[in-house]
> 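My questions will all concern the structure given below.
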Amino acid sequence: MPAKSSRLIESQVQEKPRRRPVDSPTLLIVLMLMATGLIALFTASYSNALYQHGDPLFFIKRQAGFAVAGLALMWFVSGIHYRVYARFHKALLFVSYALLAVTPFIGRSSKGATRWIEFGPIGFQPSEVMKVAVIISFAYYISKNPASVRTLKGLIWPYGAMLVSVAGLLVLEPHMSATMIIFLIGGVMLFVGGMRLWVFLIPIIGGPLAFIAYLKAKPYAMDRIRVWLDPFIDLHGDGWQGANSQVAIGSGGLFGLGLGNGRQKHLYLPEPQNDFVFSAFCEELGLIGAILVMLLFAYLIFRGFYIARSSRDKFGCLLATGITAKLAIQTLMNLCVITGIFPVTGASLPFFSYGGTALLMQLAEIGILLNISRFMTVDNTG
């Protein structure tokens, strides 16, 4: 190789990381999902909004306001260097633990669970804050000591202790879907961080044993499993949600009934603006519309892992991995719930389900992901 070319390559390697524009495909997909989600929310919620609040625009007006604020927050966060979060991981984790600990005592109860803390008109789920705290903390500890995930002792402390303690606090609410999501996020980050594959034998073997023990301790749980497998056997009881969700999806056929023409949202689908918003969407836009939205989510998840792979350091890689894993897990869980693959757990669909604070958190996380993309080692176009 000529000496001039060699010096040129050497100078490029030694060049300090330069700040790039944000990853444009990720930003574009998020905007498309946001716009589609708002349309889906409006058409799914106006009937319930009119019945419950006397205003068919009640849910969409509030969600649109949070969407505008969330996009501004996303852009602001995208300008904060992602390494900053490593400095505050302990403080964020402490605040998250404190919020979870007081939720059962001061939180708002709904449908047998106490998951919300409210300050006047503003409410939020501390479990959403804990998800971010776990992602940042895991990214910090794994990047600081990569060898820790390759020994059983290192996995027990701090990772196992963190997950078990969070699960213990979430059981008090109770909030099983958040517990599952946090455990799965932790598992993905540990795997990417270098955890040995044999560790997965523990949940593979222990999971079924714990499930059998739970069934023996809670005899009524077997009835719920039967309803999950066939919600139509208890259509007016525990099977109401699952049955009407499947009816809505099946009624859509290939092309759907047309935007705004869905029937199940008219007081049949429970909370069509929340966990079952995509069921109403499938009824109106059919299999084709559902596939197009799932492709958008799939491409966003691909871009997230692409940014993680292209990060300049291990902390950025793990942080992007955790954020993307959270998005992927929550999306898949919601889709599995509405189709009956999973029992009803209360997992919302990102960018679609109603919830202002949840939307703000999601867009803030996307802001972190976009900031990591500013320092990728490869071209932003992928």
Side-chain angles (χ1 to χ4, degrees), residues 25-50 56-64 66-67 70-71 231 240-304 324 326-342 344-355 358-359 362-363 366:
T26 300
L27 179 60
L28 179 61
I29 292 297
V30 168
L31 293 176
M32 292 174 66
L33 282 171
M34 280 289 305
T36 307
L38 288 173
I39 294 171
L41 175 65
F42 169 64
T43 187
S45 68
Y46 71 81
S47 181
N48 248 26
L50 181 62
L57 303 179
F58 177 83
F59 293 115
I60 188 60
K61 286 191 296 187
R62 293 166 65 92
Q63 191 78 346
F66 278 109
L71 290 173
W240 179 262
Q241 293 176 306
N244 281 287
S245 177
Q246 293 179 36
V247 169
I249 295 171
S251 299
L254 188 61
F255 297 104
L257 304 179
L259 194 64
N261 294 328
R263 297 184 290 260
Q264 294 301 111
K265 64 189 177 186
H266 296 296
L267 307 184
Y268 289 98
L269 268 177
E271 302 291 331
Q273 70 275 8
N274 288 328
D275 300 346
F276 294 94
V277 62
F278 200 61
S279 303
F281 181 85
C282 292
E283 184 179 22
E284 298 188 352
L285 293 183
L287 179 63
I288 300 299
I291 289 176
L292 290 175
V293 169
M294 286 188 284
L295 287 175
L296 289 178
F297 274 111
Y299 188 62
L300 177 58
I301 292 165
F302 165 77
R303 292 304 301 184
T324 307
K326 175 179 177 286
L327 172 68
I329 291 165
Q330 199 154 318
T331 300
L332 287 173
M333 189 174 290
N334 179 269
L335 296 179
C336 288
V337 165
I338 67 169
T339 54
I341 298 174
F342 284 177
V344 177
T345 58
S348 59
L349 183 62
F351 309 117
F352 276 66
S353 295
Y354 175 72
L359 184 60
Q362 291 159 11
L363 290 172
I366 294 295

> Quick check: closest heavy atoms across A347 and N334, and the distance to 0.1 Å?
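It is O-ND2, 2.8 Å.
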> Can you name the nearest heavy-atom pair linking P25 to R303, along with the distance?
CB-NE, 3.8 Å
> Could you tell me if the side chain of I39 sits less than 4.5 Å from the side chain of L259, heavy atoms only?
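Contact flag for L259/I39 side chains = yes.
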> In the structure I gave you, are the side-chain heavy atoms of Y354 and E271 within less than 4.5 Å of one another anywhere?
no
> Which atoms form the tightest heavy-atom contact between F281 and A40, and what is the distance?
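In this case the closest contact between F281 and A40 is CD1-CB, 3.6 Å.
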> I need the minimum non-hydrogen distance between P56 and A49, along with the two atoms involved.
O-CB, 3.7 Å
> Nearest 0.5 angstrom please: I329 CD1 to T324 OG1, how far?
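With rounding to 0.5 Å, CD1 (I329) is 10.5 Å from OG1 (T324).
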> For A290, enumerate each residue passing the side-chain contact (heavy atoms from CB on, under 4.5 Å) test, keeping only those at least two apart in sequence or located in another chain.
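Residues passing side-chain contact (heavy atoms from CB on, under 4.5 Å) with A290: F278, C282, M294.
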> Check for a donor-acceptor pair, side chain of E284 on one end and backbone N or O of G260 on the other, with a separation under 3.5 Å.
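Side chain of E284 to backbone of G260: a pair is present.
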> Side chains of V337 and D275, heavy atoms from C-beta outward: is any pair under 4.5 Å?
no
> Looking at CZ of F302 and CG of L300, how far apart are the two atoms once the value is rounded to the nearest 0.5 Å?
11.5 Å
> What pair of heavy atoms forms the shortest contact from L33 to L296, and how long is it?
CD2-CB, 3.7 Å
> Give a yes or no on whether the backbone of T43 and the side-chain of K265 come within a donor-acceptor separation of less than 3.5 Å.
yes
> Drop me the distance from S45's OG to R62's CZ, to the nearest 0.5 angstrom.
12.0 Å
> Rounded to the nearest 0.5 Å, what separates atom CD1 in I338 from atom CZ in F276?
8.0 Å
> Is a donor on one side and an acceptor on the other found under 3.5 Å between the side chain of S245 and the backbone of Q241?
no
> Between I366 and F351, is a side chain to side chain contact (heavy atoms under 4.5 Å, CB included) present by the stated rule, with each step listed?
CA-CA 11 Å; I366 294 295; F351 309 117; 4.1 Å; yes
> Taking Q63 for the side chain and G355 for the main chain, is one N or O donor matched with an acceptor at less than 3.5 Å?
yes
> For the CG atom of L285 and the CG atom of L254, what is their distance to the nearest 0.5 Å?
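If we round to the nearest 0.5 Å, L285:CG and L254:CG are 12.0 Å apart.
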> For N244, check side-chain contact (heavy atoms from CB on, under 4.5 Å) against everything at least two apart and list the hits.
W240, Q264, Y268, L269
> M34 and A67: which non-hydrogen atoms are nearest, and at how many Å?
CE-CB, 3.3 Å
> Hey, does F66 have a side-chain heavy atom less than 4.5 Å from the side chain of K61?
no
> Any sub-3.5 Å donor-acceptor pair from E283's side-chain atoms to S251's backbone N or O?
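No: the side chain of E283 does not pair with the backbone of S251.
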> CG/L335 to CD1/I341 distance, rounded to the nearest 0.5 angstrom?
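Reported value, rounded in 0.5 Å steps: 8.5 Å.
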